[in-house]
There are 2 protein chains.
Amino acid sequence: MMKTSTSTQDYLKRIYELTECGEPASTNDLARELNIKPASVTGMIQKLAAEKPALVEYQKHQGVTLTTSGKRAALEVIRHHRLLEAWLVQTLGYSWDEVHEEAERLEHAISEDFERRIAAALGHPTRDPHGELIPTEDLKMPADDSTPLSALRPNQSATIQRVISQDPDLLRHLESLGLIPGIQIEVTEYSSFDNNLTVKVGKKQNVLGLNITTKIFVEIL
Amino acid sequence: MMKTSTSTQDYLKRIYELTECGEPASTNDLARELNIKPASVTGMIQKLAAEKPALVEYQKHQGVTLTTSGKRAALEVIRHHRLLEAWLVQTLGYSWDEVHEEAERLEHAISEDFERRIAAALGHPTRDPHGELIPTEDLKMPADDSTPLSALRPNQSATIQRVISQDPDLLRHLESLGLIPGIQIEVTEYSSFDNNLTVKVGKKQNVLGLNITTKIFVEIL
DNA sequence: AAAATAATTTAGGTAAGACTAAATTTAATG
DNA sequence: CATTAAATTTAGTCTTACCTAAATTATTTT
Ligand SMILES: [Mn+2]
Ligand SMILES: [Mn+2]
Ligand SMILES: [Mn+2]
Ligand SMILES: [Mn+2]
């Protein structure tokens, strides 16, 4: 495969994330995620589609998806990112709200050798500090069977698996409530008017809005 | 201070190294060290001199030196590089011939926070794995009082302080001979014809040419 | 279905940082 | 000191990746 630039890697990573739901990624969504103007995104997408082998599949006005090569390159970056986050937390005492920004830069700078060394040093972890799955060494994304907390109803118990947010403020808030991966919770109340859930964590009860419950993914017990 | 690009950081670092002897760095030397064509180096030097504040002092055809700002930026990168090398060796088991290349990329990607964390984790080391001095947190380069091994003569004993080479082959060779920082040696013979020195390391004797003895710096006992 | 709105693409430009070829300046040599 | 050689700079291009403004296409709404 050809060497990919930092920019290309960031595009492919975002396209991977946006297309996980099965839909192609739109120019606008991509532009928002990358903090790049839509016009520039169109240009870059056209270049990625013109590479040989092509990194993305693209039809004007129809959005963009990853080719096999593009997906491989995306998973490589995602593996770097998530291993780095785990490594920074475990060995340098970063907190889960601090790691993302650092990993965002380092992911493009480390070698495959570095990747292997930290994976081995951490005992080949399967999840990062936010509970996100780490692509395997041969670049397969493990299957994920988690459910959004927002789908639970009273009397259901679950274990928190992952939190999909990079917002440090939200992450610190969740940590202060004890809502972190591995923790067991129980839903005690549900309001159909505002979709709030009352969730028991340890002995405390917290009322959580949709903004939070759609970002916490759990395994139902 | 303004943010410096990866390219700028590499230029400043090389200029620092080339001007350590007191002489301005020439366009050609810089081009050779950076693997960039002399014409491009001239262009970049002119840009660095035009920044405000200027990062380099430059007079056409007279070579280039660092300003106070430029030296500070250079020492920042050098501190990153050397701390990273120490950290890669200590925590990930890199050997001293492997670290340089990895550090060369990471030095531009880590945050000041990352720098502080690895410095603290390593106990604020003063030298990197090759024995090179690490600039302090407030960006002063400690004084170095070492002597090139080539200046020693029979019956002088010394401790190896630093090895100035990034050539993996040479580094592996030196390691195989036991010529690494901290080791005590004794010069037993000198040939004025080829400037070879015979050096006792432990129980072994090795005849070393100028190519090696000028790259090993020692503290005379 | 036409008009209005939103999303997307094209066109034209900029900035960084590199290269080649040609011109110029300095240094070395007979 | 006049020539030649070496080092350096200028001029003109190229690539990557971004931007703004204008044009186009798609999607809603009336
Ligand atoms: Mn992250
Ligand atoms: Mn990134
Ligand atoms: Mn080094
Ligand atoms: Mn570098």
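Chain identifiers are assigned alphabetically (A, B, ...) following the order of the sequence lines, protein sequences preceding nucleic acid strands; residue numbering begins at 1 within each chain.
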> Does C:dA16 have OP1 or OP2 sitting under 4.0 Å from an N or O in the side chain of B:Tyr11?
Replying inline: no
>> Using OP1 and OP2 only, check whether a side-chain N or O of B:Ser7 sits under 4.0 Å from C:dA18.
In response: yes
Starting at [atom1] of [X] and ending at [atom2] of [N], how long is that distance when rounded to a whole Å?
X: A:Ile36; N: D:dT16; atom1: CD1; atom2: C1'; answer: 12 Å
X: B:Leu34; N: C:dG17; atom1: CG; atom2: P; answer: 13 Å
X: A:Lys37; N: D:dA17; atom1: NZ; atom2: C1'; answer: 14 Å
X: B:Met2; N: C:dA16; atom1: CE; atom2: P; answer: 14 Å
X: A:Met44; N: D:dC18; atom1: CE; atom2: C1'; answer: 10 Å

>> Donor-acceptor check, side chain of B:Gln90 to backbone of B:Trp87, threshold 3.5 angstrom: yes or no?
In response: no
> Is a donor on one side and an acceptor on the other found under 3.5 Å between the side chain of A:Thr19 and the backbone of A:Tyr16?
Replying inline: yes
>> Centroid separation under 6.0 Å, is that true for the rings of B:His100 and B:His130?
In response: no
> Any side-chain heavy atom of A:His108 sitting closer than 4.5 Å to one from A:His80?
Replying inline: no
> Checking side-chain contact (heavy atoms from CB on, under 4.5 Å) against B:Leu174, which of B:Ile180, B:Asp167, B:Val163, B:Asp169 comes through?
Replying inline: B:Val163
> So which of B:Val64, B:Thr65, B:Leu30 actually passes side-chain contact (heavy atoms from CB on, under 4.5 Å) with B:Leu18?
Replying inline: B:Leu30
>> At under 4.0 Å between heavy atoms, how does the protein contact nucleotides 2-15 of chain C? Give one character per nucleotide, 5' to 3', with B, S or -.
In response: -----SSBB-----
